[in-house]
Amino acid sequence: MKIQNLRFENLQFSYEGQDPVFENVDFDFPLQKIIWVKASTGAGRSTLLQLMAGLVTPTKGKYLLNDQCVTEMSFEEFLPYRLQIGYGFDFGGLLHNRTVLENLTLPLVYHKICNEKEAQDKAHYFLQELNALQFANKRPSEIPGGMRKLTCLIRAVITEPQILLLDDPSVGVGQDTFVEFFDLAGELRKKEKCQHIFISSFDDKLMNCIEHSEIFIDCGQIYGDLGEPEKKVVSL
């Protein structure tokens, strides 16, 4: 399944008892790019990524993938799309009764993307490339916070999704480690995986090292790129 378009139509979202985070949003998301999602604190950066991943449901309006409304899909209908979306949680989402290796191989085996041996080989590859192989047989409670965050990032790309959603990815792991991780994502892009990357970050220094476009969240609306960034060092 190829992701061809992604858009909001008259979308509204609010948490219970709070003012809307997004209100009557019509927006076609740019694809085939690395997109920096920019907004002030509390304006809805993380919420936007959760909506795009299908983790939260719009209060009203539509979220469309390939012109199909996500909220009208059954679990079975949405699953093929969900498998094409990788989401980098902020430290969360790991199973605490599983090792790092098991957390990474689980989605590959459970969804029958590959067999157990192939899944372990893929997980070992990412861990070795990121100098984290020594944590493979440790559980999340036994490893540093930065390693837990890195495990979440690896899990987001290990299924080789088309859409990659990263929420403050350098926080906790540091810029150097994230750049190494992003190099691996760049290798996937060369294989026509991870083609649509959305990064929510306050790390200007990091983002100015990555060739990207930008979208902006302000007053409950989403706006397109106002211009290309001046500095482009890393081209993925």
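Predicted model only: the values in this text are computed from it and were never measured.
- Rounding to the nearest 0.5 Å places CD of Glu129 at 9.0 Å from CD of Glu187.
- The shortest distance between side-chain heavy atoms of Gln50 and Tyr87 falls below 4.5 Å.
- No single ILVMFWY cluster, assembled from side-chain heavy atoms under 4.5 Å apart, contains both Leu206 and Phe202.
- Pairing each heavy atom of Gly146 with each of Val173, the nearest pair is O-CG1, 3.4 Å.
- No path of Ile, Leu, Val, Met, Phe, Trp and Tyr side chains, each step under 4.5 Å between heavy atoms, connects Leu83 with Ile85, placing them in separate hydrophobic clusters.
- Residues Lys62 and Thr71 have side chains not in contact (no heavy-atom distance under 4.5 Å, counting atoms from C-beta outward).
- Between Glu118 and Cys114 the shortest heavy-atom distance is OE1-CB, 3.1 Å.
- For the pair Asn137 (side chain) and Thr99 (backbone), a donor-acceptor distance under 3.5 Å is absent.
- In terms of modelled atom types and a separation under 3.5 Å, the side chain of Asn24 and the main chain of Asn10 share no donor-acceptor contact.
- Of the possible donor and acceptor atoms, none in the side chain of Arg45 sits under 3.5 Å from a partner among the backbone N and O of Asp167.
- At a threshold of 4.5 Å between non-hydrogen side-chain atoms, the residues Asp203 and Gln175 count as touching.
- Across Val109 and Glu116, no two heavy atoms sit closer than the pair CG2-OE1, 3.6 Å.
- At a threshold of 4.5 Å between non-hydrogen side-chain atoms, the residues Leu127 and Leu104 count as touching.
- One distance of note links CG of Leu166 with CH2 of Trp36; it measures 14.0 Å at 0.5 Å rounding.
- A salt bridge links Lys122 with Glu160: the closest approach of a Lys/Arg side-chain nitrogen to an acidic carboxylate oxygen falls below 4.0 angstrom.
- The six-membered or imidazole ring of Phe126 lies away from that of Phe181, with a centre-to-centre distance of 6.0 Å or more.
- At distances below 3.5 Å, not a single donor-acceptor pair connects side-chain atoms of Arg155 with backbone N or O atoms of Ile158.
- Ile154 is not connected to Leu95 by any chain of hydrophobic side-chain contacts under 4.5 Å among Ile, Leu, Val, Met, Phe, Trp and Tyr, and they are in different clusters.
- Between the side chain of His196 and the backbone N or O of Gln32 there is at least one donor-acceptor pair closer than 3.5 Å.
- Applying the 6.0 Å contact sphere to CD of Gln18 captures more than 12 heavy atoms from other residues, nucleotides or ligands.
- For Asn97, the CG atom counts as densely surrounded, since its 6.0 Å shell holds more than 12 non-hydrogen atoms of other residues, nucleotides or ligands.
- Residues Val157 and Leu184 fail the side-chain proximity criterion, which asks for heavy atoms closer than 4.5 Å.
- For Val70, the side chain to side chain contact (heavy atoms under 4.5 Å, CB included) partners two or more places apart in sequence, or in a different chain, are Tyr63, Leu65, Phe78.
- The cluster map of Ile, Leu, Val, Met, Phe, Trp and Tyr, joined by side-chain heavy atoms under 4.5 Å apart, puts Leu101 and Leu150 in different clusters.
- Scanning both residues, Pro169 and Phe178, for their nearest heavy atoms gives CB-CE1, 3.3 Å.
- A side-chain donor-acceptor contact under 3.5 Å links Arg189 to the backbone of Gln195.
- No donor-acceptor pair under 3.5 Å is formed between the side chain of Asp28 and the backbone N or O of Asn5.
- Using a 4.5 Å heavy-atom threshold, the side chains of Leu48 and Ser200 count as separate.
- Linking Ile, Leu, Val, Met, Phe, Trp and Tyr whenever their side-chain heavy atoms come within less than 4.5 Å puts Tyr15 and Val25 in one cluster.
- By the 4.5 Å heavy-atom criterion applied to side chains, Leu11 and Leu51 are counted as neighbours.
- Counting heavy atoms from C-beta outward, Ile34 and Glu211 have side chains that stay 4.5 Å or more apart.
- A donor-acceptor contact shorter than 3.5 Å is absent between the side chain of Asp168 and the backbone of Val171.
- Remark: the backbone N or O of Val100 is not paired with any side-chain donor or acceptor of Thr151 at under 3.5 angstrom.
- Checking side-chain atoms of Asn66 against main-chain N and O of Gln68 turns up no donor-acceptor pair under 3.5 Å.
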### Task
For Phe29 and Ile3, run side-chain contact (heavy atoms from CB on, under 4.5 Å): C-alpha distance rounded to whole Å, both residues' side-chain angles, the deciding distance at 0.1 Å, then the answer.
CA-CA 12 Å; Phe29 289 87; Ile3 303 297; over 6 Å; no

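- Here the closest non-hydrogen pair linking Pro30 and Ile35 is CG-CD1, 3.5 Å.
- Between Asp67 and Arg7, at least one side-chain nitrogen of the basic residue sits less than 4.0 Å from a carboxylate oxygen of the acidic one, meeting the salt-bridge criterion.
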